[in-house]
Amino acid sequence: MNELQDFWIRVSLPVVYGALIALLLWSIFSAVVALSFLLLLLLAVMAYRAKQLYKLGKWLSDARLESIPNAGGIWDDVFSSLYKMVKRHNQTKQDLAEELQHIEQATAALPEGVVSLNDANRVEWCNPLAEQHFGLDANSDILQDITYLVRQPEFIEYLHSRNYDEPLVMKAARHEDMVLSIRLVPYGGNKHLLISHDVTQLERIETMRRDFVANVSHEMRTPLTVVNGFVENLIDMPDLSHEKIRHALHLMAEQTRRMDHLVSDLLTLSRLENDHSPLRTEMVDMKSLLSEVYQDGKMLSDGRHQYSLEMEGPLQISGNREELRSAFTNLVSNAIRYTPDGGSIRLRWELKSGQPEFSVQDSGIGIDAQHIPRLTERFYRVDRSRSRETGGTGLGLAIVNRIALRHHARLLIASRVGDGSTFSLVFPATSME
Ligand code: ADP
């Protein structure tokens, strides 16, 4: 028996039974009684169905599983099919919501900003990083024209160029110091994904690299030009007096020494910066190290300063002796070079708040506060000519800073113009273990 037959049997069963009862009534009473009974029965069936229809209509207007009405007979089938349908629908809705949430979590975790643009370049959605990069609002900027939100001319030109092979590097509109690399990727017909990547750090490194090359070339050019000039003079004027030749050779030697200093500082810095292997440490005997540093300084000062060493700190710390010596010597040599004759220079090795500290205090020219944060940059000098006159390369504090980093130490600088400076290297307490 197929479903349709079953349906018709169940629908017509009350009427068939009613008709049988009516026939019985007819035989017992009369046709009027039988017909009246049949009429009443039909009216009751109609009323019952109308009521169920009403329930169905009412429930459909807010189809929730928990409020599905109770019904009898054929209506049970209808409501139970509807119940299953709504349940399936709810499940699909929940699955889709979970899927959507996964996609949202994935796009939020992307290390790039992503904006989906429709065929009219209007924003369809964007991830949180794109909100940051372009200053967008994922709720209120939906369906806004991207050229209205990101107004930089270079971006608009890029968008309209239709050639997206190369990324565009531009400044972020709302963060002047952020540099973005952006790219448009066509998808789904006429739509585009706008992908942004924060390249601020890379740009900074690239700028530093360019500056470094320019600085090194500049530093080398000056002594080379001087030496070259003397050499040409010597070639052009073979009759120069012995005295003049000696003088020229003396000046040339000075310039080549300068180049030698520069190259050796460059090599030291490059070795320190490129050595990523763990620092080779030993327990360094501070007494012998500091007396060597002190003696080197004494030779450099050559009696021009009041020069002293106080040794109160731990007798040994863990570190790389060669590097520590280089850092300490650089600080001492700076103090001597930037302190006029008659000034004082104090070297101190002490334990301060449980941390070993090496400091060099001078009564020299001092440094204006604005320069202090930049002193450890390569080739940064407050007074270029004074640095050169005293044989400076502009790399000393960059080297000290690198060595400090490798020893987990901090370089502290306190200075006032005219009053002198104190450069301190503060080592971690653990370096005494
Ligand atoms: P430089 O070879 O020029 O001395 P450094 O890196 O050692 O290079 O120092 C950077 C700059 O810091 C110097 O050019 C100088 O202007 C300043 N400086 C460093 N030490 C002192 C100091 N003790 N007193 C005054 N200025 C100093």
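Read the numbers this way: they start at 1 and go in the same order the structure lists the ligands and their atoms.
Selection from N334, I336, D265 by nearest heavy atom to atom 20 (N) of ligand 1 gives N334. When F423, F379, Y380 are checked for heavy-atom proximity to atom 11 (C) of ligand 1, Y380 turns out nearest.
Residues L309 and L290 approach most closely at CD2-O, 4.1 Å, considering heavy atoms. For the residue pair F230 and A248, the shortest heavy atom distance occurs at CD2-CB, 3.9 Å.
For the residue pair S421 / S415, a side-chain donor-acceptor distance below 3.5 Å is found, with atom types taken as modelled. Checking S196 against D198 by side-chain atom types alone, no donor-acceptor pair falls below 3.5 Å. No side-chain donor-acceptor contact under 3.5 Å links Q94 and N90.
With ligand atoms numbered from 1 in the order given, ligand 1 contributes 3 (O), 14 (O) to contacts under 4.0 Å with heavy atoms of R381. Each of the following atoms of ligand 1 lies closer than 4.0 Å to a heavy atom of T393: 2 (O). Numbered from 1 in the order shown, with element, the atoms of ligand 1 that lie under 4.0 Å from a heavy atom of G396 read 5 (P), 6 (O), 7 (O).
Distance from atom 13 (C) of ligand 1 to its nearest protein heavy atom, with residue and atom name: Y338 OH, 3.3 Å. In this structure, the protein non-hydrogen atom closest to atom 3 (O) of ligand 1 is S387 OG, 2.5 Å. The protein non-hydrogen atom at the shortest distance from atom 26 (N) of ligand 1 is I367 CG1, 3.3 Å. Shortest contact from atom 23 (N) of ligand 1 to any protein heavy atom: D362 OD2, 2.9 Å. Nearest non-hydrogen protein atom to atom 17 (C) of ligand 1 is L375 CD2, 4.1 Å.
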Would you give me the side-chain donor-acceptor pairs under 3.5 Å for residues 336-357, sequence neighbours excluded?
residue: R337; atom: NE; partner: T390; partner atom: O; Å: 3.1
residue: R337; atom: NE; partner: T390; partner atom: OG1; Å: 3.1
residue: R337; atom: NH1; partner: N334; partner atom: OD1; Å: 2.8
residue: R337; atom: NH2; partner: T390; partner atom: OG1; Å: 3.4
residue: T339; atom: OG1; partner: A335; partner atom: O; Å: 2.5
residue: D341; atom: OD1; partner: R304; partner atom: NH1; Å: 3.1
residue: R346; atom: NE; partner: E310; partner atom: OE2; Å: 2.9
residue: R346; atom: NH2; partner: E310; partner atom: OE1; Å: 3.2
residue: R346; atom: NH2; partner: E310; partner atom: OE2; Å: 3.0
residue: R348; atom: NH2; partner: Q361; partner atom: OE1; Å: 2.6
residue: W349; atom: NE1; partner: P314; partner atom: O; Å: 2.7
residue: Q355; atom: NE2; partner: F427; partner atom: O; Å: 3.2

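Side-chain contact check for L56 versus L82: some heavy-atom pair is nearer than 4.5 Å.
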As a quick check of understanding, evaluate salt bridge (Lys or Arg N to Asp or Glu O under 4.0 Å) for E219 and R381, giving each step before the final call. CA-CA 13 Å; E219 294 290 331; R381 290 145 159 148; 2.7 Å; yes
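Pairs engaging residues 120-158 under the ring pair (Phe, Tyr, Trp, His ring centres under 6.0 Å) rule: Y158-Y164 [sequence neighbours left out].
Under a 4.0 Å heavy-atom criterion, G364 is not in contact with ligand 1. In this structure, R337 is part of the shell of residues with a heavy atom less than 4.0 angstrom from ligand 1.
In terms of N/O distances under 3.5 Å, ligand 1 is not approached by G392. Between L397 and ligand 1, an N or O atom pair is found at a separation short of 3.5 Å. For a threshold of 3.5 Å applied to N or O pairs, the pair formed by G394 and ligand 1 contains at least one separation below that value. Considering both main-chain and side-chain atoms, V382 comes within under 3.5 Å of ligand 1 through a nitrogen or oxygen pair.
Rounded to the nearest 0.5 angstrom, E282 CD and S318 OG are separated by 9.0 Å.
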